[in-house]
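Computed over heavy atoms, backbone and side chain alike; hydrogens, waters and symmetry mates excluded.
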Amino acid sequence: MSASRKLMLKSMMVARAKEELEQELEEKEEEKAKYLEENAPPIQTAGMSLAELQTLCQELHAKIDVVDEERYNTEAKVLHNTRQIKDLNIKVLDLRGKFKRPNLRRVRVSADAILRSLLGSKHKVSLDLRANLKSVKKEDTEKEKTTEVSDWRKNVEAMSGMEGRKKMFDAAMGPQQ
């Protein structure tokens, strides 16, 4: 199918969708006007006495109360249904095994704060967790490194040349003889 043909079909579909949307809007307006004519006829207050106006106001207030109750009930049903939908979606995700974990924030809490929250204000002992850690002596590791370096240099000087290679060969063959 050529590009011009695709473009023409696309523009025709958009025009058709626009017409249908306008038609739907007109139908909704007509339904709204029809509903208002049936349920809320225009009020004629001309020539009414004070008592008749008061009874009319009381009737209107009663109708408003009924409508508010219906609105509240429908809102409550909608909220209940949305909660049920969320719960069912969570159950479906659990059954699939694709549970979305919420993003957790890292919270830094000291051991003292944890004990205070668990034990209350009675906690007065402070924990020094670093005191229980094993300490490493730096002096021992430095001495080992320096001795290894000096031994290695001496061995290189002693083993240099043909004599050093002969010594290595003899050392390797020595225990077998």
Side-chain angles (χ1 to χ4, degrees), residues 1-136 138 141-142 145:
M1 192 181 310
S2 66
S4 61
R5 175 88 172 142
K6 285 182 183 178
L7 183 62
M8 185 184 72
L9 289 174
K10 187 175 180 181
S11 64
M12 289 175 68
M13 288 173 58
V14 168
R16 175 72 185 222
K18 186 177 178 182
E19 290 173 3
E20 289 179 2
L21 184 63
E22 290 174 356
Q23 189 177 10
E24 283 181 21
L25 290 174
E26 289 176 5
E27 288 175 2
K28 284 184 181 179
E29 288 294 324
E30 289 174 3
E31 287 178 19
K32 183 178 178 182
K34 184 179 176 184
Y35 180 80
L36 287 175
E37 284 178 16
E38 291 175 3
N39 294 331
I43 300 173
Q44 298 175 357
T45 58
M48 292 184 129
S49 67
L50 184 61
E52 291 175 342
L53 287 174
Q54 286 178 347
T55 56
L56 179 65
C57 288
Q58 289 174 354
E59 290 174 4
L60 290 176
H61 280 290
K63 287 182 180 179
I64 289 172
D65 290 340
V66 169
V67 170
D68 281 341
E69 287 177 11
E70 288 178 7
R71 182 181 52 85
Y72 178 78
N73 290 338
T74 54
E75 285 179 359
K77 287 179 184 177
V78 167
L79 286 175
H80 180 70
N81 289 338
T82 54
R83 286 185 192 133
Q84 282 184 340
I85 289 170
K86 285 181 183 179
D87 291 341
L88 291 174
N89 283 337
I90 290 172
K91 286 181 183 178
V92 167
L93 288 175
D94 286 343
L95 292 175
R96 282 188 197 164
K98 295 181 180 178
F99 179 74
K100 273 191 169 179
R101 293 182 185 166
N103 294 332
L104 300 177
R105 291 181 284 165
R106 184 175 295 254
V107 179
R108 292 187 180 187
V109 180
S110 66
D112 293 332
I114 293 171
L115 286 175
R116 256 187 259 120
S117 66
L118 292 174
L119 302 175
S121 62
K122 296 178 183 177
H123 170 67
K124 293 184 180 176
V125 179
S126 65
L127 284 181
D128 187 13
L129 298 176
R130 292 183 181 165
N132 296 333
L133 296 176
K134 191 175 185 180
S135 62
V136 177
K138 292 183 180 179
T141 57
E142 290 175 5
K145 289 181 182 178

**Report entry** Partners meeting side-chain hydrogen bond (donor to acceptor under 3.5 Å, both in side chains) with R83 (sequence neighbours left out)
**Finding:** none
Query raised in the report: Roughly how far, to the nearest 0.5 Å, is CG of L95 from CD1 of I90?
Result: 12.0 Å
Query - Nearest-0.5 Å distance, CD of residue E27 to CG of residue L25 - result: 9.5 Å
**Report entry** Atom pair CG (N89) and OG1 (T82), whose distance is rounded to the nearest 0.5 Å
**Finding:** 11.0 Å
**Report entry** By side-chain hydrogen bond (donor to acceptor under 3.5 Å, both in side chains) - contacts of Q84 (at least two apart)
**Finding:** H80
Using distance only, find each side-chain donor-acceptor pair of residues 34-42 under 3.5 Å and give its atom names and separation, not counting sequence neighbours.
{"residue": "Y35", "atom": "OH", "partner": "N39", "partner atom": "ND2", "Å": "3.0"}

Hey, can you pull the donor-acceptor pairs under 3.5 Å for the side chains in residues 50-61, sequence neighbours left out?
{"residue": "E52", "atom": "OE1", "partner": "S49", "partner atom": "N", "Å": "3.2"}
{"residue": "T55", "atom": "OG1", "partner": "A51", "partner atom": "O", "Å": "3.4"}
{"residue": "T55", "atom": "OG1", "partner": "E52", "partner atom": "O", "Å": "2.7"}

Requested in this report: Could I get the full list of side-chain hydrogen bond (donor to acceptor under 3.5 Å, both in side chains) partners for Y72, not counting sequence neighbours?
Outcome: none
Query raised in the report: In chain order, what residues pass the salt bridge (charged side-chain N to carboxylate O under 4.0 Å, His left out) check against E69, with sequence neighbours excluded?
Result: none
Query - Partners meeting salt bridge (charged side-chain N to carboxylate O under 4.0 Å, His left out) with E26 (sequence neighbours left out) - result: none
Query - By side chain to side chain contact (heavy atoms under 4.5 Å, CB included) - contacts of M1 (at least two apart) - result: R5, K6, L9
Requested in this report: Can you sort out the partners of E19 under side-chain hydrogen bond (donor to acceptor under 3.5 Å, both in side chains), two or more places apart, ordered by chain and number?
Outcome: none
**Report entry** Inter- and intrachain pairs under side-chain hydrogen bond (donor to acceptor under 3.5 Å, both in side chains), touching residues 8-18, at least two apart
**Finding:** R16-E20
Requested in this report: State which residues pass salt bridge (charged side-chain N to carboxylate O under 4.0 Å, His left out) with D68; sequence neighbours excluded, sorted by chain then number.
Outcome: R71
